[in-house]
Amino acid sequence: MHLAYPAVLAVLLFCTGLYGVLARRNAILVLMSVELMLNAVNLNLVAFDVWLRDALHGGQALTLFTIAVAAAEIGIGLAIVLLVYRNRGSSDIDRLRDLAEQPAGSDGAAGSREAQPDTGAEATA
């Protein structure tokens, strides 16, 4: 078997996944696109392992490791997406920017009160 066939298929899978990550707004579709990209890497690892006739089968071992990491990533990522959907009612990635907390001194009133010393206590002492 030629190495070009699985390599071209892996490139197509990776490009499809990259498009999905860059163009989609739904968090679940982005996670699925990341999985496509990881599967393209797995395909390349196995194809090069077979092509090089590696006695230790390093490509297949790395593929198993990648599958385990991808399973953990999708489990944690899906849990986070479901929690955000439960709290906000949407899994739109653009709306997730609202999750960032504002710095403590960003509002003018609280920051100006903390910066001024208490002059009444100094006058009585």
Side-chain angles (χ1 to χ4, degrees):
M1 178 171 74
H2 295 287
L3 184 62
Y5 298 135
V8 168
L9 180 61
V11 166
L12 290 174
L13 277 175
F14 193 85
C15 289
T16 304
L18 186 64
Y19 173 74
V21 167
L22 295 177
R24 299 294 177 186
R25 296 179 189 263
N26 190 350
I28 294 176
L29 291 177
V30 170
L31 286 174
M32 288 174 58
S33 298
V34 169
E35 289 295 321
L36 270 177
M37 293 167 63
L38 287 173
N39 284 332
V41 170
N42 288 339
L43 181 62
N44 269 334
L45 285 171
V46 171
F48 276 100
D49 185 51
V50 169
W51 186 64
L52 294 174
R53 294 184 177 96
D54 187 18
L56 296 176
H57 300 293
Q60 293 177 16
L62 284 174
T63 298
L64 288 175
F65 180 72
T66 306
I67 289 171
V69 168
E73 173 256 336
I74 198 70
I76 292 172
L78 191 58
I80 291 171
V81 167
L82 288 175
L83 186 66
V84 167
Y85 181 77
R86 184 181 298 164
N87 290 335
R88 298 218 173 230
S90 173
S91 62
D92 189 14
I93 292 177
D94 291 335
R95 294 184 61 199
L96 290 180
R97 293 187 194 136
D98 299 337
L99 293 176
E101 295 181 14
Q102 299 297 327
S106 66
D107 55 322
S112 62
R113 277 187 264 141
E114 292 175 1
Q116 297 174 354
D118 187 15
T119 55
E122 292 173 359
T124 59

Can you get from [X] to [Y] by hopping between Ile, Leu, Val, Met, Phe, Trp and Tyr side chains that sit under 4.5 Å apart?
X: L22; Y: L38; result: yes
X: L3; Y: L43; result: no
X: L9; Y: M37; result: no
X: L13; Y: Y19; result: no

Please give me the minimum heavy-atom distance between [X] and [Y], naming the atom from each residue.
X: E73; Y: V34; result: OE2-CG1, 4.0 Å
X: F14; Y: A40; result: N-CB, 3.7 Å
X: G17; Y: L36; result: CA-CB, 4.1 Å
X: V46; Y: Q60; result: CG2-CG, 4.5 Å
X: G58; Y: D54; result: N-OD2, 2.9 Å
X: V81; Y: A27; result: CG2-CB, 3.6 Å

Quick check for you: to the nearest 0.5 Å, what is the distance between [X] atom [atom1] and [Y] atom [atom2]?
X: L31; Y: R24; atom1: CG; atom2: CZ; answer: 13.5 Å
X: L82; Y: I28; atom1: CG; atom2: CD1; answer: 6.0 Å
X: N44; Y: W51; atom1: CG; atom2: CH2; answer: 12.0 Å
X: I67; Y: E35; atom1: CD1; atom2: CD; answer: 10.0 Å
X: N39; Y: T16; atom1: CG; atom2: OG1; answer: 12.0 Å
X: S90; Y: N26; atom1: OG; atom2: CG; answer: 8.0 Å

